[in-house]
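See below for the structure under consideration.
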Amino acid sequence: PSHLPLKAHNVILIPADPLVPPSSEEKTAIQWFVRRGGRVVATGPLAANLLNLPGIVLAKQPGVDWSKFPAKVLGPISRRAPSVLMKANARWKGGPPEDLEYYGDGGGGTVVRFPLGSGAIVWWADSSPLTNYGLQQASNMNLLLNSVGGAKGTRILWDEYYHGERASLWDYLKKTPLPW
């Protein structure tokens, strides 16, 4: 997070189901990235913690089955995507009026957009639409493309840092002939 670009417009960070808890400094760095015009497309309940998103609650019973969620709002994220299919164990349950719930059901939102400064956070309840199977279902590919936005001049950063890929320079060099 401390190495996110200062020029954040047209830069998208995708932390899909982060596993490692963030430090407060990392949370702040990501918030400032978004405020400078960056976009974060994050999935899962732990991503809500990473981004300090209010109103995310876990389902009483984990969703092991794929469920269809209809579009609740017509807009740039739901364009050509009348419904999405995902395994959702979490929901967004309300918040300030500027928050925008694009998909969901009676239990709450499953795809929500949170504007922040010059940028935005798009939160999905689960990363299942990003899987090989998930991308082929309902309008999931359009959900991904719409969440990322326009392709021209866009730089996408797929996060592995919060999956434990925090290798140092020495860890990398150990895999080369240099130690010999």
Side-chain angles (χ1 to χ4, degrees), residues 1-59 69 71-73 75-79 81 84 86 88-104 107-130 140 143-169:
S2 62
H3 293 96
L4 288 169
L6 291 176
K7 293 183 180 179
H9 286 283
N10 295 326
V11 179
I12 297 155
L13 173 65
I14 303 178
D17 282 334
L19 302 173
V20 179
S23 69
S24 61
E25 294 82 16
E26 292 168 341
K27 287 181 179 184
T28 300
I30 293 172
Q31 294 284 322
W32 279 110
F33 165 75
V34 175
R35 288 181 188 281
R36 292 190 311 269
R39 179 179 284 221
V40 175
V41 178
T43 66
L46 292 178
N49 176 42
L50 170 70
L51 301 164
N52 288 326
L53 298 180
I56 307 295
V57 296
L58 293 176
F69 298 97
K72 297 181 107 182
V73 173
I77 293 176
S78 58
R79 187 175 37 127
V84 295
M86 70 172 63
N89 292 333
R91 299 286 193 284
W92 175 74
K93 292 208 176 208
E98 64 268 18
D99 299 341
L100 197 51
E101 182 179 335
Y102 277 88
Y103 295 91
T110 54
V111 176
V112 183
R113 181 181 178 275
F114 300 87
L116 181 63
S118 298
I121 296 167
V122 179
W123 177 80
W124 299 4
D126 191 72
S127 64
S128 55
L130 293 174
N140 290 355
L143 171 64
L144 173 60
L145 295 174
N146 293 341
S147 294
V148 169
K152 185 173 178 146
T154 300
R155 182 176 172 202
I156 299 174
L157 307 172
W158 286 90
D159 169 67
E160 288 299 324
Y161 180 76
Y162 289 105
H163 287 175
E165 292 297 321
R166 298 182 179 196
S168 68
L169 178 61

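Index from 1, following the sequence. Just so you know, these numbers use all the heavy atoms, side chains as well, and skip hydrogens, waters and symmetry mates. Because the structure is a prediction, the values reported are computed rather than measured.
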Q) If you look at every heavy atom in Gly104 and Glu101, which pair is closest and at what distance? A) CA-OE2, 4.2 Å
**Q.** Arg39 side chain vs Ser147 backbone, donor-acceptor pair below 3.5 Å
**A.** yes
Q. Which is it for Leu4 and Leu157 under the side-chain contact (heavy atoms from CB on, under 4.5 Å) test, yes or no, and what are the steps along the way?
A. CA-CA 9 Å; Leu4 288 169; Leu157 307 172; 3.9 Å; yes
Q: Please report the shortest heavy-atom distance between Leu13 and Pro15, naming the atom on each side.
A: O-CD, 3.4 Å
Q: Check Pro1 against Ala29 and note the closest heavy-atom contact, atom names and distance.
A: O-CB, 3.6 Å
Q) Of Leu116, Leu46, Ile56, Ile30, which meets side-chain contact (heavy atoms from CB on, under 4.5 Å) against Leu51? A) Ile30
Q | Closest heavy-atom pair and its distance - Pro5, Arg155 | A | CG-NH1, 4.0 Å
Q. Looking only at atom types and distance, does a side-chain atom of Arg91 sit under 3.5 Å from a main-chain N or O of Ala125, one as donor and one as acceptor?
A. no
Q.
I need the Lys7 NZ to Phe33 CZ distance, nearest 0.5 Å.
A. 14.5 Å
Q | Verdict with reasoning, Leu143 to Tyr103, per side-chain contact (heavy atoms from CB on, under 4.5 Å) | A | CA-CA 10 Å; Leu143 171 64; Tyr103 295 91; 3.9 Å; yes
Q: Return the minimal non-hydrogen interatomic distance between Ser118 and His9, and the atom names on each side.
A: CB-CE1, 4.1 Å
Q) Donor-acceptor pair, Thr43 side chain versus Trp124 backbone, under 3.5 Å? A) no
Q: Answer yes if the side chains of Asn10 and Lys152 hold a donor-acceptor pair under 3.5 Å, and no otherwise.
A: no
Q) Taking atom CG of Leu130 and atom CG of Asn140, what is their separation to the nearest 0.5 Å? A) 8.5 Å
**Q.** Approximate separation, where rounding is to 0.5 Å, of Met86 CE and Thr110 OG1
**A.** 4.5 Å
Q: Using modelled atom types only, decide if a donor and an acceptor are shared between the side chain of Asn146 and the backbone of Ile77 within a distance under 3.5 Å.
A: yes
Q. What's the spacing between Ser127 OG and Ile14 CD1 if we round to 0.5 Å?
A. 11.5 Å
(Q) Using only atom types and a distance under 3.5 Å, with no angle test, would you say the side chain of Trp123 pairs donor to acceptor with the backbone of Gly44? (A) yes
Q: Might you point out which heavy atoms bring Lys93 and Gly107 nearest each other, and give the distance in Å?
A: CE-O, 2.9 Å
